[in-house]
2 protein chains.
Amino acid sequence: MSSGVRRLTRQQQAVSDILARHTDFRSAQGWHAALLAQGSAVGLATVYRTLQFLADEGRIDVLRTDSGETRYRACSVGHHHHLVCRDCGRTVEVDAADVERWATTTAAAYGFTAVDHTVEIFGRCATCAAAARG
Amino acid sequence: MSSGVRRLTRQQQAVSDILARHTDFRSAQGWHAALLAQGSAVGLATVYRTLQFLADEGRIDVLRTDSGETRYRACSVGHHHHLVCRDCGRTVEVDAADVERWATTTAAAYGFTAVDHTVEIFGRCATCAAAARG
DNA sequence: CCAGCAACTGAGAATGATTCTCATGTTCAG
DNA sequence: CTGAACATGAGAATCATTCTCAGTTGCTGG
C-alpha cells in the first residue's frame, strides 16, 4: 500500500513551519500567499499536496466552510470540534466528549461502522454581535 | 429587501415535484438528470437556482459531502441530522435533541449568538460492510 | 564523494461544481 | 389581450482544487 518513502523537502518544511507559527484557519490559497509573503517560494500545487498529506496523517485540522472552501490549521492535541464566528472567523475549540459518544452510539445502532463525523457550530461572537448592533 | 414577487413556473414545480417523489439526497446535477430522464426539460442553471431558493426557505435539506458536493433532499418535518453511508449514500435520519442542546449551550458559554450548526455522521452501512468483506 | 533513480516540485492546463450573462420566453395584472 | 417584470437556459465565466509532465533534488549504494 505505502509504496512511497516520503522525502523531506524544503517546501514541506516551509508549509509545516508556517502552520506552526499561526493559530488561525486559512485556506490552502491563504497559506500559499503567506508563504510567498515571507519569501518562501512554494508552488500552489505543492501547498495543496502537503496540506492534504498532513491532514490525512491527522497532523492538522481541516474545516470546510459553508462557501465550499477548505481551511487548515495546525492541530492542537486530540480530537475536538469548532465554534466559528461567521462574521470575523474567530474560532474556539470545544471539547465534545458527549457528542463523540453520541455519534458512535447512534451510528452503531443502525449498523454503521468505520464511523467519522463532522460537527461544527457557526454563530456570531459577542464582539461581532456588539458591532452589528452599534 | 424582497423586491421580487416569486412567480410560479412549470420548472419550479417540476423541481419541487421530483424532490417530493424521492427520499434520497442527490446533487443538483443528479436532480437535473432525473428531471431530464422523466422528460421534464429544465435547465441546469434553473435547477441550481430553485434548489437554492428552496434551501434558503428551509423547505429542503442540504448536505455537504466530503468531496465538496452539495446534495439536496425533500425536507421531512423538523430539524434533524443525518447518518450517511459513505459507500452507497444511504441516509438515515437521526434525532439529536441532546446534540442540539449541547450546541446551543456550548455556543452560549462563549458568548455566541445566532447559532447554527452542522452535524453529519459518515460511516459504512451494514450492507456495504458485508459487501466489502465478501 | 559520486552516480543514478525515484520522489518531489511547479507552471500551467484540466476538471468539476456552481454562478453569471443576457437574449428570449412566460406569467400575471389590468 | 397586452405589456412589462420576472424567469429561463445555453454557454461562458469563476473558483477551488487536481492533474500533467518535464525538470529538479533528496537519498542510497557503490
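Throughout, a chain's letter reflects where its sequence line sits, starting with A, and its residues are numbered from 1.
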Tell me, do A:Val92 and B:Phe112 make a side-chain contact under 4.5 Å, heavy atoms counted?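 Answer yes - side chains close enough.
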
Could you check how far [atom1] of [X] sits from [atom2] of [N], rounded to whole Å?
X: B:Leu44; N: D:dT14; atom1: CG; atom2: P; value: 18 Å
X: A:Arg71; N: D:dT17; atom1: CZ; atom2: C1'; value: 16 Å
X: B:Asp56; N: C:dT19; atom1: CG; atom2: P; value: 10 Å
X: A:Arg64; N: D:dC15; atom1: CZ; atom2: C1'; value: 14 Å
X: A:Glu69; N: C:dA17; atom1: CD; atom2: C1'; value: 15 Å

According to side-chain contact (heavy atoms from CB on, under 4.5 Å), who are the partners of [X], at least two apart in sequence or on a separate chain?
X: A:Ala45; answer: A:Arg49
X: A:Asp24; answer: A:His22, A:Arg26, A:Trp31
X: A:Gln29; answer: A:Ser27, A:Leu44, A:Tyr48
X: A:Phe122; answer: A:Asp66, A:Val84, A:Arg86, A:Glu120, B:Thr118

Assign a letter to each nucleotide of nucleotides 20-30 of chain C from its 5' end: B, base within under 4.0 Å of a protein heavy atom; S, sugar-phosphate only; -, no contact. BB----BB---

Considering residues at least two apart in sequence or located in another chain, which fulfil the side-chain hydrogen bond (donor to acceptor under 3.5 Å, both in side chains) criterion with B:Thr106?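 In terms of side-chain hydrogen bond (donor to acceptor under 3.5 Å, both in side chains), with neighbours along the sequence ignored, B:Thr106 is linked to B:Trp102.
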
Can you sort out the partners of A:His32 under ring pair (Phe, Tyr, Trp, His ring centres under 6.0 Å), two or more places apart, ordered by chain and number?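 Here no residue qualifies.
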
Check ring pair (Phe, Tyr, Trp, His ring centres under 6.0 Å) between B:Phe25 and all other residues, then give those that pass, not counting sequence neighbours.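 Ring pair (Phe, Tyr, Trp, His ring centres under 6.0 Å) list for B:Phe25, sorted by chain: B:His82.
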
If you compare every side-chain N and O of B:Tyr48 against the phosphate oxygens of C:dT19 (OP1, OP2), does one of them come in below 4.0 Å?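 For B:Tyr48, the contact criterion (side-chain N or O under 4.0 Å from OP1 or OP2 of C:dT19) is not met.
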
Contacting residues from residues 11-36 of chain A, given that a heavy atom lies under 4.0 angstrom of DNA chain C: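 Listed by number, they are A:Gln11, A:Gln12.
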
Who pairs with B:Arg64 by salt bridge (charged side-chain N to carboxylate O under 4.0 Å, His left out), at least two apart in sequence or on another chain?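 For B:Arg64 there are no salt bridge (charged side-chain N to carboxylate O under 4.0 Å, His left out) partners, ignoring immediate neighbours.
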
Taking only residues two or more places apart in sequence or in another chain, which ones pass salt bridge (charged side-chain N to carboxylate O under 4.0 Å, His left out) with B:Asp116?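 If we apply the salt bridge (charged side-chain N to carboxylate O under 4.0 Å, His left out) test to B:Asp116, skipping adjacent residues, there are no hits.
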
Taking the minimum atom-to-atom distance to the side chain of A:Gln52, which one of C:dT9, D:dT17, C:dA17 wins?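 Of all the options, the side chain of A:Gln52 is nearest to D:dT17.
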
Looking at five pairs on each end of the helix from C:dC1-D:dG30 to C:dG30-D:dC1, what is the angle between the two axes, given to 10 degrees?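 One end's axis against the other's: 30°.
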
Before giving the answer on side-chain contact (heavy atoms from CB on, under 4.5 Å), spell out for B:Thr65 and B:Arg71 the whole-Å C-alpha distance, their side-chain angles and the decisive distance to 0.1 Å. CA-CA 7 Å; B:Thr65 68; B:Arg71 300 215 197 149; 3.7 Å; yes

